[in-house]
Protein chains: 2
Amino acid sequence: MTENQSKKPSKSDRTRAQILEAARLLFAERGYDGASIRDVAAHASIDPAMVIRYFRSKDELFARAAVVDLKLPALRVIDRTDIGKTLIRRFLEIWEDPANGTGMAILLRSATSNEFAAEKLRDVFANQVRPLVAAVADPADAGRRAGLISSQLLGLAMCRYLLRLPPVVALSHDEIIQNVGPTLQRYAVGEDVS
Amino acid sequence: MTENQSKKPSKSDRTRAQILEAARLLFAERGYDGASIRDVAAHASIDPAMVIRYFRSKDELFARAAVVDLKLPALRVIDRTDIGKTLIRRFLEIWEDPANGTGMAILLRSATSNEFAAEKLRDVFANQVRPLVAAVADPADAGRRAGLISSQLLGLAMCRYLLRLPPVVALSHDEIIQNVGPTLQRYAVGEDVS
DNA sequence: GCTAAAAGTCAACAAATGTTGACAAATGGA
DNA sequence: TCCATTTGTCAACATTTGTTGACTTTTAGC
């Protein structure tokens with residue numbers, strides 16, 4: 001395998017990193033179809049052939065670029081009445097953090113027209129949001145509750161970061177937390193959620 | 001203008017309609033980039049050149065295909081305590097109606113990577129959702145409230161119809177109305193929304 | 001039935017795309 | 001210094017794409 005021996009930061013693993021960085025930027029801004037290998041190469045000041053040499057194909061490059069780890073807080077240890085606010089607060093942090101925010105943008109930007117991205121995005125919510133909800137609510141309801149939470153979080157991200165709907169862009173963090181927090185709180189542990 | 005004189009259903013305006021129907025179907029399923037003119041032509045059992053003849057370009061074809069009218073009910077005349085449920089109920093109807101649902105799918109599917117679609121989608125919420133909210137809430141807050149509502153509706157549509165997140169797909173209409181209704185109600189007229 | 005306009009067919013274009021292979025330059029250990 | 005491996009460059013490929021123009025077939029009024 002060509003995995004890191006964790007020894008040499010040698011020479012042009014840097015090239016590899018530059019390509020990946022450029023790819024993440026462009027995939028996040030333009031989506032899978034909109035970002036060509038030539039665009040990525042130009043952005044990394046490198047030859048298009050190098051992109052293929054380092055990553056075997058565009059699909060594989062995209063797979064390497066579309067990495068996300070929400071690092072959601074364990075809801076078990078937080079105040080049960082603050083689940084909603086904690087969730088939305090953490091979510092905003094993720095989107096603002098260049099590393100994770102870019103990953104989410106990459107997935108969301110391409111998920112509507114790229115089955116791989118769609119599957120990856122479903123995975124994120126199935127493996128990172130749902131188990132988290134299962135820890136605080138009846139596991140039998142966890143799927144539905146996680147689905148509802150996902151719909152609100154994903155819609156907010158769409159409106160604010162991709163679609164850039166002006167009134168949603170204008171919201172401050174505090175306003176979002178105050179407004180969306182209660183929604184998530186109810187979806188997570190509300191008794192009226194069937 | 002080549003507008004209908006509302007006289008002749010003559011001959012191959014039908015071709016035009018077939019092309020448009022095929023285009024709407026494919027744009028809704030695969031997005032702007034994913035649906036080629038040749039695909040559309042094949043689906044309409046017609047020559048690709050005909051697509052260009054009838055609609056001058058792919059952009060123009062897309063513009064003709066991406067038509068949406070939410071036909072939202074006037075919130076003024078409905079029970080003020082039922083705004084949320086009415087909204088979400090109407091929204092579900094739209095997405096199930098082949099005509100309007102397809103239009104929304106076209107826009108949403110392409111909005112993340114096509115600026116025209118994004119602008120059109122922003123228009124839908126600015127011109128159809130916002131004024132409706134302004135009729136029942138302080139007009140000064142209408143933008144923010146409409147934005148929040150949009151985020152939830154759009155996220156639900158993403159999860160249920162495009163991303164097909166299993167737990168969200170599994171929800172019945174009644175469950176959605178019961179769960180999402182209160183959220184929209186609070187976004188529309190809730191006193192704790194800043 | 002004749003003819004002009006409409007509707008449809010066909011082949012080809014230019015551009016963009018993912019990908020490849022042959023070749024040159026640089027690097028680093030012996 | 002020499003040589004083998006790595007790193008980079010260049011030109012080209014095959015395919016797909018939107019689009020066009022020349023041409024043929026069909027239609028419809030006289």
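This structure is a prediction, so every number in the text was calculated from the model and none was measured. First the proteins, then the strands, lettered A, B, ... as listed; each starts at 1.
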* **B:D47 CG - C:dA12 P separation (whole Å)** => 14 Å
* Could you state the CZ-C1' distance from A:R16 to D:dG8, rounded to the nearest angstrom? -> 16 Å
* Structure fact -> The complete set of side chain to side chain donor-acceptor pair (under 3.5 Å) pairs with one or both residues in residues 96-111 of chain A, sequence neighbours excluded, reads A:E96-A:H173, A:D97-A:N100
* Structure fact -> For residues 126-148 of chain A, the side chain to side chain donor-acceptor pair (under 3.5 Å) pairs (sequence neighbours left out) are A:D141-A:R144, A:R144-B:E175
* To do: Starting from B:V40, walk the hydrophobic network (Ile, Leu, Val, Met, Phe, Trp, Tyr; side-chain heavy atoms closer than 4.5 Å) and list everyone else you reach, by chain and number.
  => B:I19, B:L20, B:L26, B:F27, B:Y32, B:I37, B:I46, B:M50, B:V51, B:I52, B:Y54, B:F55, B:L61, B:F62, B:I106, B:F116
* Asked: Where along residues 50-60 of chain A does a heavy atom fall under 4.0 Å from DNA chain C?
  -> A:I52, A:S57, A:K58
* Asked: Contacts to DNA chain C from residues 18-39 of chain B, heavy-atom cutoff under 4.0 Å, which residues?
  -> B:R38
* To do: Group every Ile, Leu, Val, Met, Phe, Trp and Tyr by side-chain heavy-atom contacts under 4.5 Å, then state whether A:I94 and A:V67 land in the same group.
  => no
* Rounded distance (nearest 0.5 Å) linking atom OG1 of A:T15 with atom CG of A:D47 -> 12.0 Å
* Asked: In Å, rounded to the nearest 0.5 Å, how long is the span from CZ of B:R30 to OG1 of A:T112?
  -> 14.5 Å
* To do: Check whether the side chains of A:T183 and B:Q152 place a donor and an acceptor atom closer than 3.5 Å, and report yes or no.
  => no
* Could you note down all residue pairs passing ring pair (Phe, Tyr, Trp, His ring centres under 6.0 Å) where residues 125-149 of chain A supplies at least one of them, sequence neighbours left out? => none
